[in-house]
J.: 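Pasting a structure here, questions to come.
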Amino acid sequence: MSSKSFWKPPKAIRGGIPVCFPQFGNLGLLEQHGFARNRFWSLDEDASPLPPANNQSTVDLILKSTEEDIKAWPRGFELRLRISISPGKLTLIPRVRNVDNKAFSFMFALRNYLSVSDISEVRVEGLETLDYFDYLMNKERFTEQADAITFDGEVLHIYSCAFNLNISLLAGNRSNSSSLCF
Ligand SMILES: O=P(O)(O)OC[C@H]1O[C@@H](O)[C@H](O)[C@@H](O)[C@@H]1O
């Protein structure tokens, strides 16, 4: 967590991996990025069986709709998050269960912060040819042309169809790189 982050409820702290649910950003009537990141989650006592452990430690968390949530968003849900850690790898597996008596749609995102020592040395690879909306340019749509994105100011792009991607964040040299798989 950055030393510049401070937590002043009801605003969420900026850092870690905020879980955006059931709304992303301000694309709805709820608070920014939905309420899930501002709730206390519980340990999931009823988690589905684990796949064979491969040198990894796992914790299962759950968030269930409360009466307060239902007033703002009238759907019955269970949101589960399995967090697994093994050497050099962090895996998060979210699952949403509808416990309502009707179908509902929702938005979900893991909006992770990454700590870098010098932003001018960072390159993000793996987004070439994807379409994106540039939120600093009136949400205009563009197609990514660059084989690597670098940063000399604020960048706020929302990429579409960024699934099954292996995005590399390179800071300085390749031995410092991280891969993000979606
Ligand atoms: O500060 P928050 O609520 O965690 O949001 C972080 C960012 O989330 C993005 O989705 C918004 O487009 C940004 O404007 C915002 O700064």
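Please read all numbers here as calculations on a predicted model, not as lab measurements. Counting starts at 1 for both ligands and their atoms, following the listed order.
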J.: Over 60° means perpendicular and under 30° means parallel, so classify the ring planes of Trp73 and Phe21, tilted if in between.
T.: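 Perpendicular.
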J.: Taking only heavy atoms of the protein into account, state which residues are under 4.0 angstrom from an atom of ligand 1, in chain and number order.
T.: Lys11, Arg14, Phe24, Gln32, His33, Arg37, Arg111, Tyr113, Leu156
J.: I'd like to check Phe142 versus Met137 (side-chain heavy atoms, cut-off strictly below 4.5 Å). Are they in contact?
T.: yes
J.: Side-chain contact, heavy-atom cut-off 4.5 Å: Leu43 with Leu61?
T.: yes
J.: Quick one: does Leu90's side chain get under 4.5 Å of Ile17's, heavy atoms only?
T.: yes
J.: Are Arg37 and Arg111 packed together at the side-chain level, in the sense that at least one heavy-atom pair is separated by less than 4.5 angstrom?
T.: no
J.: Would you say Lys64 and Val99 make side-chain contact, with heavy atoms under 4.5 Å?
T.: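 Sidechains of Val99 and Lys64: no contact.
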